[in-house]
Engineer: 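Dumping the structure here so I can ask a few things about it.
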Amino acid sequence: MIVSNKQQFIINKQIFVDGKFIECNTDEYYDVINPATKEVLGTIPLCNEEDINLAISSAEKAFKSWKKVTIAERSNYLLNAVSVIEEHREALAQVESENVGKPINVALADVDVLIDNLKFFAGAARGLTNIASDNYATGSTSFIRREPLGVVGSITPWNYPIMMAGWKFAPALVMGNTVVLKPSEFTPFSTLLLADILKDVLPPGVLNVITAKGETAGDAFLKSIHIKMISLTGSIKAGQYLVKNSSDSLKKIHLELGGKAPSIVFNDANLKDAVETLSMGAFYNSGQECTAVTRIYVENNVFDKFVELLKVKMSKIVIGDPTNADTDMGPLVSKAHFDRVTDFVERAKSRGVQVITAQNIPSVNKGYYYPPTLLLGMNNDDEVIQNEVFGPVVAIMPFSTEDAAYNLANDSKYALAASVWTENVSKALRATENLEAGTVWVNTHLMFVSEMPHSGGKMSGHGKDQSLYAFDEYSQVKHVMLKN
Ligand code: NAD
């Protein structure tokens, strides 16, 4: 069992293959840092191709029997997984909090999402229906078989490691695939702990967890004839790498990439509610959230009032020790990311953008803390509007007409999520139609449910996570025709 003793993880330098933790062939290792203290939490192997191929072989071997297990039984495996995850809810959240630097209550919420996801996929898989079977040609009967793909290589990001693990492996497994899961090298421990927790629950080889650099895992997955699909949640750059390099194998690539969510606040909106929710939507998880609100377009005549209310709200955010239950916001995930966010804001300042920061970072801190930050006075083509900063930084701009607001919101390479604030139902409906995004929220932001899909358009990707739509990603349909 991996147990965090605050600074060191007891099982170090191993990956989870064929139902057990094993040593790797690699001689490359990586020290994982707690971003709130900058201390080393533990050390992981950075697998080489040989190590990754071992995990793929284990998944391929397991696939031969797992695909024959009935959906009802696979569903029961997921429900048994739920029981043990519930037993280890606090431990998983503690590890997630230490590794990602997220407040413990946010980490607990993430584990709860994982649990709800598994329950949803376990139940929903048993109610799947296919297009009607019938006699479509004279003297014949057609029906559809829904079949698994094989081994899925899943790659997750550092901002929601445990939650993304569930989004990936739950629909894949219940559809009869087996999985090699690679968490981000910055935040691997909750996924390794999950493997440990599930090792007596799932058959060996069905779920394997490796630790590796992104490109090494990407290359090994791309090269392997056993990997039938690569599912990535991450940056546009990583998505492009996989797509470019999949032209030989034509492997299925499932992509959930970045976002730059806009929110439109009309002058008839409940401003108090909008400020309350959009403050959470901008600064939750330190803004390291693909659907975080990053651009708020506020109608001219309520712009100043909105900014003043948001400034007050920002100043009340409790920043500090992620292990403390009262903490709202922890540090950024790493020094490199801290520098990246800092540089974005400094460059904006040098272009004359007004930067307002909340002064609520504890004066005594050792971590990569970045304050809630509001940007004013930029154009829509500014890099802080067009690119993902992925920190607690939100830009606010005025607009004068409904069409102008949609144009500003849609002027982006991303199309993951958006929200609109208005008390006018017709206007809200028009916004849901006009906004280019995989999710449009009305009078709310950053709400997810297992029953509804999470996906983007444009360069935010094209995969579907969550919901019944995820089953289509992790299965293929076969037409069977019988002569009567
Ligand atoms: P990243 O792309 O750097 O890394 C994500 C994962 O991909 C990591 O496991 C990494 O090791 C791996 N990776 C990196 N390069 C790779 C390559 N060439 N081939 C294969 N794998 C590779 O992204 P990140 O910094 O960890 O995460 C932040 C990004 O993820 C942001 O862009 C964010 O918007 C996005 N994200 C999207 C969603 C979504 O659902 N759309 C959810 C969370 C995060």
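Counting starts at 1 for both ligands and their atoms, in listed order. If you read the sequence from its start, that first residue is 1, and numbering goes on from there.
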Engineer: Please write down residue, atom name and distance for the protein heavy atom closest to atom 27 (O) of ligand 1.
Structural biologist: Pro157 CB, 3.4 Å
Engineer: If the threshold is 4.0 Å, N to carboxylate O, is there a salt bridge linking Lys119 and Glu86?
Structural biologist: yes
Engineer: Could you check whether Lys213 pairs with Glu185 (Lys NZ or Arg NE/NH1/NH2 to Asp/Glu carboxylate O, under 4.0 Å)?
Structural biologist: no
Engineer: Evaluate the 4.0 Å heavy atom contact test for atom 2 (O) of ligand 1: does a protein atom fall under the cut-off?
Structural biologist: yes
Engineer: Assess the side chains of Tyr369 and Ser286: does a donor N or O sit below 3.5 Å from an acceptor N or O?
Structural biologist: no
Engineer: Pick whichever of Lys213, Lys244, Gln466, Glu388 has a heavy atom sitting closest to atom 34 (O) of ligand 1.
Structural biologist: Glu388
Engineer: Output the list of atoms in ligand 1 that are nearer than 4.0 Å to some heavy atom of Glu185, sorted by atom number.
Structural biologist: 10 (C), 11 (O)
Engineer: Apply side chain to side chain donor-acceptor pair (under 3.5 Å) to residues Glu289 and Thr291 and explain how you reach the verdict.
Structural biologist: CA-CA 5 Å; Glu289 155 69 63; Thr291 55; 2.5 Å; yes
Engineer: To which protein heavy atom is atom 4 (O) of ligand 1 closest, and what is the distance rounded to 0.1 Å?
Structural biologist: Gly234 CA, 4.5 Å
Engineer: Does anything in residues 221-233 pair up under salt bridge (Lys or Arg N to Asp or Glu O under 4.0 Å), and if so which pairs, sequence neighbours excluded?
Structural biologist: Glu49-Lys223
Engineer: Any idea which protein heavy atom is nearest atom 20 (C) of ligand 1, and the distance to it?
Structural biologist: Gly214 O, 3.1 Å
Engineer: Looking only at distances, please establish whether an N/O atom of ligand 1 is found under 3.5 Å from an N/O atom of Thr156.
Structural biologist: yes
Engineer: Does this structure show an ion pair linking Arg351 with Asp382, if we count only N-O contacts that are shorter than 4.0 Å?
Structural biologist: yes
Engineer: Decide whether an N or O pair under 3.5 Å exists between Asn159 and ligand 1.
Structural biologist: no
Engineer: Regarding ligand 1, does Thr233 bring an N or O atom to under 3.5 Å of one of the ligand's N or O atoms?
Structural biologist: no
